[in-house]
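The block underneath contains the structure these notes are about, expressed in structure tokens.
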Amino acid sequence: MPNEGDWLVLRVANADAEQLLGFVCPECRLLFSVLEDTRGAEIVCPGCLSKLRVPDLSDPVHPIGLDLRTQPVSMKMAGSLQAGTPDLGDWQSDLPVEILAVRAKGLPWQMLTPGILLGVGMLGFLLYLLRETKVMPPQASGNLAQGKVEAVERRVSPQVVPSNERVQAVFQDLSKVGSVTELVGMVRGGDSQLAKLREYYGDEKVEFLPFSGELAVSPILGRDGFFIVNGVLSNGEFKAAVLTRGAGGGLLLDWDSYVGYGELQWNELLTQQPKEPVLVRAVRTKIEYYNAGFDSDQWQSFELEYPGEEVRLVGYAKRGSALVHQLLPIGNRYGSMDVTLKIHYPEEVEDPRLVIIDSMLSADWVVDTQE
């Protein structure tokens with residue numbers, strides 16, 4: 001049974017003017033009260049269930065935590081209790097020293113400080129992202145070659161968007177082209193494209209289909225004088241195309257993105273396995289596939305595919321490089337994205353699907369300069 005002399009005894013009055021005695025349990029420090037007529041009786045602490053004895057008027061009373069051998073009893077408090085008067089005077093000064101010590105500390109900074117530091121850290125990280133994020137040209141939601149592109153509302157730039165009629169006329173003229181020589185004057189790059197066009201078409205006929213119905217024409221953000229066109233061809237196929245203004249103000253077709261030009265045909269990559277970087281246009285998706293000497297510690301893997309082709313390549317870029325950040329821009333890290341890349345095969349080819357990505361020329365199928 002705890003020493004009753006270690007209790008703090010307070011006088012409390014209830015609404016009916018009945019006298020109550022308040023105690024701080026020396027075991028669990030719970031403050032509770034009992035009626036005064038229980039003086040001298042044994043009670044049980046409701047907090048820790050210790051057996052306690054209610055002091056009588058003849059018992060000594062002193063604040064808890066004070067050593068009676070060195071500290072005197074508060075005469076004001078003890079006198080008030082012995083006399084049975086309800087006047088407690090300054091009751092806050094008579095609270096247990098433990099309670100007064102907690103109140104003196106003010107706000108619990110040891111609890112608030114981690115939250116404040118976390119908030120400051122998050123704010124700093126957001127400011128860093130805003131500073132480092134670069135605005136890139138909007139990506140097609142599908143593939144330019146397949147025309148699976150949705151019209152996106154963009155901020156209108158000062159440049160004038162070509163009308164539907166004018167764009168329709170451009171593709172009507174393209175549909176009448178019969179040779180590479182005629183096509184040169186209607187595509188971006190002009191004469192510098194002649195050798196590329198001849199290599200691409202060979203002996204095949206140059207053929208373009210006109211669009212039918214309404215078109216969605218909008219400027220490409222970040223590319224002054226470039227416009228993306230989405231519509232349905234006369235054969236019912238969805239198609240996307242990029243037009244740009246020529247020197248004379250006329251509209252020219254970005255032929256490279258329209259046909260998805262690459263320095264090798266997609267199926268030729270598997271058979272020729274070029275050891276020097278070649279240009280390809282592909283749709284990239286972030287994956288986690290590591291094999292044949294490519295491990296996850298040094299490399300980040302990407303699936304590379306081309307519209308209409310069954311074969312899919314796995315491209316690898318060095319982890320931590322600027323190239324990986326280009327391939328995984330903020331806002332488009334996990335979806336698909338049209339990219340123009342330079343790739344090559346490793347010297348020892350164990351799997352013809354695995355290639356090394358050397359550089360990214362564009363975050364879409366349009367490059368700033370003609371290859």
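The model shown is predicted, which means the values in this text are computed figures rather than measured ones. We number each residue from 1, following the sequence as shown.
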Geometric class of the Trp255/Tyr261 ring pair [parallel <30°, tilted 30-60°, perpendicular >60°] | tilted
Do the ring planes of Tyr316 and Trp299 sit parallel (below 30°), tilted (30 to 60°) or perpendicular (above 60°)?
-> perpendicular
Distance in Å, [X] [atom1] paired with [Y] [atom2], rounded so as to fall on 0.5 Å steps:
| X | Y | atom1 | atom2 | answer |
| --- | --- | --- | --- | --- |
| Arg284 | Asn332 | CZ | CG | 5.0 Å |
| Ser336 | Glu303 | OG | CD | 10.0 Å |
| Arg319 | Ser301 | CZ | OG | 7.5 Å |
| Glu237 | Leu209 | CD | CG | 7.5 Å |
| Leu328 | Gln300 | CG | CD | 6.0 Å |
| Ser175 | Leu233 | OG | CG | 11.0 Å |

For side chain to side chain contact (heavy atoms under 4.5 Å, CB included), just list the numbers for Arg188 and Val366, CA-CA rounded to whole Å, side-chain angles, deciding distance to a tenth of an Å, and then say yes or no.
-> CA-CA 11 Å; Arg188 178 187 175 210; Val366 181; 3.8 Å; yes
Test applied, side-chain contact (heavy atoms from CB on, under 4.5 Å); reference residue, Lys342; option that passes from Val280, Leu361, Val278 |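 Answer to the side-chain contact (heavy atoms from CB on, under 4.5 Å) test with Lys342 among Val280, Leu361, Val278: Leu361.
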Is the shortest side-chain N to carboxylate O distance from [X] to [Y] below 4.0 Å?
| X | Y | value |
| --- | --- | --- |
| Asp364 | Arg223 | yes |
| Lys205 | Glu182 | no |
| Glu310 | Arg312 | no |

Measure across [X] and [Y] and return the closest heavy-atom pair with its distance rounded to 0.1 Å.
| X | Y | value |
| --- | --- | --- |
| Asp256 | Gln193 | OD1-NE2, 2.8 Å |
| Gln273 | Pro352 | NE2-CB, 3.6 Å |
| Pro346 | Phe294 | CG-CZ, 4.3 Å |
| Ala292 | Leu354 | CB-CD1, 3.7 Å |
| Asp173 | Met186 | CB-CE, 3.5 Å |
| Pro219 | Phe227 | CA-CD2, 3.8 Å |

Would you indicate whether the side-chain heavy atoms of [Y] and [X] approach each other to under 4.5 Å?
| X | Y | value |
| --- | --- | --- |
| Leu30 | Cys48 | no |
| Leu183 | Phe208 | yes |
| Val170 | Leu252 | no |
| Leu197 | Val184 | yes |
| Val180 | Tyr200 | no |
| Leu323 | Met360 | yes |
| Leu215 | Val229 | yes |
| Val187 | Lys196 | no |

Considering residues, nucleotides and ligands other than [X], do more than 12 of their heavy atoms fall under 6.0 Å from its [atom1]?
| X | atom1 | answer |
| --- | --- | --- |
| Glu348 | CD | no |
| Asp191 | CG | no |
| Arg166 | CZ | yes |

Could you walk me through whether Asn164 and Phe211 pass the side chain to side chain contact (heavy atoms under 4.5 Å, CB included) test, one step at a time?
-> CA-CA 10 Å; Asn164 253 259; Phe211 281 101; over 6 Å; no
Begin from the C-alpha positions of Val311 and Asn267 and carry the test side chain to side chain contact (heavy atoms under 4.5 Å, CB included) through to its verdict.
-> CA-CA 8 Å; Val311 175; Asn267 56 358; over 6 Å; no
Hydrophobic cluster identity match, [X] and [Y], side-chain contacts under 4.5 Å:
| X | Y | value |
| --- | --- | --- |
| Leu243 | Val259 | yes |
| Val324 | Tyr289 | no |
| Leu251 | Leu253 | yes |
| Tyr290 | Phe302 | no |
| Met337 | Ile343 | yes |

Is the backbone of Gly260 close enough, under 3.5 Å, to the side chain of Arg281 for a donor and an acceptor to pair up by distance?
->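 No; judged by distance alone, with no hydrogens or angles, the pair does not exist.
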Taking Ser212 for its side chain and Val232 for its backbone only, find out whether a donor-acceptor pair lies under 3.5 Å.
->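 Yes; at least one donor-acceptor contact below 3.5 Å.
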Side chains of Asn291 and Glu350: is there a donor and an acceptor less than 3.5 Å apart?
-> no
Please lay out, stage by stage, how Tyr345 and Leu270 fare under the test side chain to side chain contact (heavy atoms under 4.5 Å, CB included).
-> CA-CA 10 Å; Tyr345 276 82; Leu270 295 175; 3.8 Å; yes
